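All figures in this text were calculated on a predicted structure; none of them were measured in a lab. Here is how names work: the chains are called A, B, and so on, in the same order as the sequence lines, proteins then strands, and each is numbered from 1.
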There are 2 protein chains.
Amino acid sequence: MDMTRKLTAAAERLFDRHGYMATGMDRLTEAAGMSSRTLYKHVGSKAQLMARVLTERDRRFMARIEVRSVDALFAALEDWVRVEGTRGCLFLRSSAETGGDTPEIAEAVAAHKAAFHRRIEEVVAADLEREDPVLAEQVLVLLEGATHAAVYRGADAVSAARAAAGILTERART
Amino acid sequence: MDMTRKLTAAAERLFDRHGYMATGMDRLTEAAGMSSRTLYKHVGSKAQLMARVLTERDRRFMARIEVRSVDALFAALEDWVRVEGTRGCLFLRSSAETGGDTPEIAEAVAAHKAAFHRRIEEVVAADLEREDPVLAEQVLVLLEGATHAAVYRGADAVSAARAAAGILTERART
DNA sequence: GCCAATGTAAAACGTTCGTTTTACACTGCA
DNA sequence: TGCAGTGTAAAACGAACGTTTTACATTGGC
């Protein structure tokens, strides 16, 4: 049994549900079913554990948005919130919780957001068959907005964003 | 000199910059220039202090979006991020940090987001001279998205959202 | 059969947490 | 003159923090 994977999965769940700072190491060891000695041998520190969680989450999220149309981006987000729930963006949340002062976390967040932006530009380019950084920025804002509005508005926020993106994309096509 | 106001202002700055959990009471008392005894006499607890911070921030933010057009909403947000910086939504952040388990905070956040949604519906209705809950939801998503995308994309995110809202509003007008 | 690796359980590290308490100084109004 | 109100400074509270250490059990390959 891969201890690191079990630990990372348990940590992601706890960090996401209760926050990074509010989650103590004892809760993590208990949830992962391992001693604190083993935990520290595997991940080194709490911050490095969070960095692993974020890297793994980035991998999973980016795999879901390997698509070729703007509309499919929002369909993927609908799936994502259905599976993962609506607690906002864990990357921005952990960055804000630490004030950007924890290097491992800040770097994982920056890497994810850069890749996220790049991917959106690629999808927009594939959809329009030309680059359109302005539309890409708008799609990024709509995805980010759907993610955070869904916290209190529910899945309706994602559908609203999807419809808005459809209109903006259609308008950009001609 | 009003101690409560000074305390609330100092607390807002620290909570916003470093996070709620990461900010200790000693930092708060030092920044507010008062003893911990006085602090507790005034606000009761750390959670109640955060609730005061959020209520005061809601008052200030809602005053800024007392406008009559959708475009003015985004102009107001541009001003807001210029003055307050781009660290995301303090309401959603504090709610996420506490996992929604701190009643005073959860209530302040819920009240703010309900009022925010209501205000957007009013502004959309005033702009179109008719109610349009679908456009209102899209505007809400764009505002939320601009706020959070601005954390890593800067003020460009707000301009992109503003332009998108302009297109959607114009389309809804006819 | 043994050594190295990998695991657990649990105590201890010193620090910091939010909060309360003790002891005292200043103010303004009766 | 005195007292109630409001403030400070600083110690103390027990609990929890992230991390390390001590002591021991289990494995698999040479």
Side-chain angles (χ1 to χ4, degrees), chain A residues 1-54 93-108, chain B residues 1-54 93-108:
Chain A
M1 50 194 85
D2 188 342
M3 309 243 78
T4 297
R5 194 152 351 156
K6 205 166 94 175
L7 170 59
T8 307
E12 180 174 2
R13 198 186 147 276
L14 287 173
F15 286 150
D16 185 44
R17 193 142 277 167
H18 304 291
Y20 171 68
M21 288 287 185
T23 303
M25 298 306 284
D26 50 351
R27 284 235 290 242
L28 289 165
T29 55
E30 193 191 339
M34 69 180 56
S35 68
S36 67
R37 184 159 208 241
T38 305
L39 186 150
Y40 276 93
K41 180 161 294 184
H42 277 63
V43 300
S45 71
K46 190 187 185 186
Q48 286 175 63
L49 173 56
M50 180 45 125
R52 270 173 196 262
V53 165
L54 293 177
R93 284 167 52 202
S94 53
S95 180
E97 272 208 69
T98 55
D101 298 330
T102 308
E104 302 98 317
I105 296 177
E107 282 159 23
Chain B
M1 49 196 85
D2 189 342
M3 307 242 81
T4 298
R5 192 154 350 157
K6 203 166 98 176
L7 170 59
T8 307
E12 180 174 1
R13 199 187 147 276
L14 288 173
F15 286 151
D16 185 44
R17 193 143 276 168
H18 301 106
Y20 171 68
M21 289 287 186
T23 303
M25 298 305 284
D26 50 350
R27 284 234 289 238
L28 288 165
T29 53
E30 193 190 340
M34 69 180 56
S35 69
S36 67
R37 185 159 209 242
T38 305
L39 186 151
Y40 276 93
K41 181 160 292 184
H42 277 64
V43 299
S45 72
K46 190 188 185 185
Q48 287 176 61
L49 173 57
M50 181 46 124
R52 269 173 197 263
V53 164
L54 294 176
R93 284 167 52 201
S94 54
S95 181
E97 271 206 70
T98 55
D101 298 329
T102 308
E104 302 99 316
I105 295 177
E107 284 160 21

Quiz item: Which sits closer to the 5' end of DNA chain D, A:Thr23 or B:Leu39, going by the nucleotide each is nearest to?
Solution: B:Leu39

Quiz item: 5'-most contact on DNA chain D: B:Gly33 or A:Gly24, nearest heavy atom basis?
Solution: B:Gly33

Practice problem: Check DNA chain C against residues 25-32 of chain B and give the residues with a non-hydrogen atom under 4.0 Å, in numerical order. | Solution: B:Met25, B:Asp26

Practice problem: For DNA chain C, determine which residues of residues 7-19 of chain B have any heavy atom closer than 4.0 angstrom to one of its atoms, and list them numerically. | Solution: none

Measure from [atom1] on [X] to [atom2] on [N] and round the result to the nearest Å.
X       : N      : atom1 : atom2 : answer
A:Asp2  : C:dG7  : CG    : C1'   : 14 Å
B:Met3  : D:dG5  : CE    : P     : 19 Å
A:Tyr40 : C:dC13 : OH    : C1'   : 12 Å
A:Met21 : D:dC17 : CE    : C1'   : 11 Å
A:Lys6  : C:dG7  : NZ    : C1'   : 12 Å

Exercise. List in chain and number order the residues that pass side chain to side chain contact (heavy atoms under 4.5 Å, CB included) with A:Ala106, two or more places apart in sequence or in another chain; answer none if no residue qualifies.
Key: none

Quiz prompt | Side-chain N or O of A:Ser35 closer than 4.0 Å to phosphate OP1/OP2 of C:dA9 | solution = no

Going by the rule side-chain hydrogen bond (donor to acceptor under 3.5 Å, both in side chains), which residues pair with [X] if we only count those two or more places apart in sequence or in a different chain?
X        : answer
B:Ser36  : none
B:Glu104 : none
B:Arg5   : B:Asp2

Quiz item: Which pairs with one or both residues in residues 34-50 of chain B pass salt bridge (Lys or Arg N to Asp or Glu O under 4.0 Å), sequence neighbours excluded?
Solution: none

Quiz item: Do A:Glu97 and A:Thr102 come within less than 4.5 Å of each other through their side chains, counting heavy atoms only?
Solution: no

Quiz item: Which residue pairs satisfy the side-chain hydrogen bond (donor to acceptor under 3.5 Å, both in side chains) criterion with at least one member in residues 22-32 of chain A, sequence neighbours excluded?
Solution: none

N/O donor to acceptor pairs below 3.5 angstrom from side-chain atoms of residues 14-21 of chain A, sequence neighbours left out:
residue: A:Asp16; atom: OD1; partner: A:Arg93; partner atom: NH1; Å: 2.9
residue: A:Asp16; atom: OD2; partner: A:Arg87; partner atom: NE; Å: 3.1
residue: A:Asp16; atom: OD2; partner: A:Arg87; partner atom: NH2; Å: 3.4
residue: A:Tyr20; atom: OH; partner: A:Ala47; partner atom: N; Å: 3.4

Quiz prompt | Global bending angle along the helix from C:dG1-D:dC30 to C:dC17-D:dG14, which compares the axes of five pairs at either end, to 10 degrees | solution = 20°

Identify all pairs in which a protein N or O lies below 3.5 Å from an N or O of nucleotides 23-28 of chain C, and state each distance.
residue: C:dA23; atom: N6; partner: B:Arg37; partner atom: NH1; Å: 3.4

Quiz item: Near DNA chain D, under 4.0 Å by heavy atom, which residues of residues 42-51 of chain A?
Solution: A:Ser45, A:Lys46

